[in-house]
Amino acid sequence: MTAPTKPPHTVPAPGSPGSPVDGTHLHTPVIAWFDTHARDLPWRHPEAGPWGVMVSEFMLQQTPVSRVLPVYEQWMARWPRPADLAAEAPGEAVRAWGRLGYPRRALRLHGAAVAITDRHGGDVPSDHAQLLALPGIGEYTAAAVASFAYGRRHAVLDTNVRRVFARAVTGVRYPPNATTAAERKLARALLPEEERTAARWAAASMELGALVCTAKSEACHRCPIAGQCAWRLAGKPEHEGPPRRGQTYAGTDRQVRGKLLAVLREAHTPVPQAALDRVWHEPVQRARALDGLVADGLVEPLPGGRYRLPLT
DNA sequence: TAAGCGTGGTC
DNA sequence: TGACCAAGCTT
């Protein structure tokens, strides 16, 4: 391995060694903007509590707010504490998940509720490492719950924040496909020292990406930091580098899984094989999709070729 | 590291 | 109209 030679006359990229990144010039305007423009979302109310925050974070993984809202309300009314969900069959979580998509999240949220009940006395932990150990919680969600529910100081790096940083600080239209070490380092460097301010900054920078600095139609005229945005000041250069990989869906196993599970969600008695066979004409793919659902624990096969959502 | 995993809205 | 996108996680 040859050590790369550092070009002698280049300015260090923001967040790189030797480049002091101080976010104070961003914190104040973004937090002030958040104070007047933040959406009134139920999981931001004090009564939502840590469990409400956690439920919302699971549901919001790759799913828009507008579709989460009604399911969230029903969910919290039915299972106001982790122990309430833990006492249910996992299939009930999958059913209540409805059409939010990625139903493995429902199974993992149920698993997390069981773990919280067993290991944490029924209280959502505030410690990042303990959160990370729960099923369905990765780096982002652990930081989000610790920050939003408990006011802890964590870099909360979701797709919105990554885009805001890419533009405002790094000066490019889009962040890399996958989160890089440089992005994590930058996010940590920009984190306000004070715990309360850091938590506020996390929510505010995220909201800015969700409402103003969006992927397709950035609204710089409404942006509190437009005057200091590196990307805008550079003339909004187009995206360079590898194309952002899109998601395919039509004709995939994913689509077939969705159709199969929709039948099982609606049914309240075991479903015969023939009913499932109707959702997809191609038998090989259909069988593969069903096997996958069973392997994932989303579907429970019964003797006699019948199926249902999992009871255990 | 990259692929797999749902669903529906938007332009 | 179809490609893109939406508060990611797991393997």
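In what follows, chains are A, B, ... by sequence order, proteins preceding strands, each numbered from 1. Note that these values count all heavy atoms, side chains included, but never hydrogens, waters or copies made by symmetry.
- Residues A:Ser147 and A:Arg153 bring no donor and acceptor atom of their side chains to less than 3.5 Å of each other.
- Taking atom CE on A:Met59 and atom P on B:dG8, their separation rounds to 15 Å, with Å as the unit.
- Cluster annotation: A:Leu69 is connected to A:Trp79 through the hydrophobic network of ILVMFWY side chains, with a link wherever side-chain heavy atoms come within less than 4.5 Å.
- If you measure from atom CZ of A:Arg173 to atom C1' of C:dC4, you get 12 Å, rounded to the nearest angstrom.
- Per the geometry, CG belonging to A:Leu107 stands 15 Å off C1' belonging to B:dG6, to the nearest Å.
- Comparing C:dC4 with B:dA3, their P atoms are spaced 15 Å from each other, to the whole Å.
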>> Walk along nucleotides 6-11 of chain C from 5' to 3' and tag each nucleotide B, S or - by protein heavy-atom contact under 4.0 Å, base first, then sugar-phosphate.
In response: BBBSS-
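- Contacts classified as ring-ring contact (aromatic ring centres under 6.0 Å, His included) and involving residues 256-309 of chain A (residues at least two apart or in different chains) are not found.
- Position along DNA chain B of the nearest nucleotide to A:Asp253 versus A:Ser217 favours A:Asp253 as the more 5'-ward residue.
- Heavy atoms of A:Arg288 sit nowhere under 4.0 angstrom from any nucleic acid atom.
- On the P atoms, B:dC5 is 22 Å away from C:dA7, given to the nearest whole Å.
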>> Checking A:Tyr140 against A:Gln61 for the side-chain hydrogen bond (donor to acceptor under 3.5 Å, both in side chains) test, could you report, in this order, the C-alpha distance in whole Å, the side-chain angles of both residues, the deciding distance, and whether it holds?
In response: CA-CA 10 Å; A:Tyr140 161 75; A:Gln61 292 168 2; over 6 Å; no
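- If you take CG of A:Leu261 and C1' of B:dG6, they are 10 Å apart, rounded to a whole angstrom.
- Residue pairs meeting the salt bridge (Lys or Arg N to Asp or Glu O under 4.0 Å) criterion with at least one member in residues 248-259 of chain A, sequence neighbours excluded: A:Asp253-A:Arg288, A:Arg257-A:Asp296.
- Between A:Glu73 and A:Arg78, none of the side-chain N atoms (NZ, or NE/NH1/NH2) sits under 4.0 Å from a carboxylate O, so this pair counts as no salt bridge.
- In this model, no side-chain donor or acceptor of A:Arg257 finds a partner on the base of B:dG6 within 3.5 Å.
- Comparing the P positions of C:dC9 and B:dG8 gives an interatomic distance of 23 Å, to the nearest angstrom.
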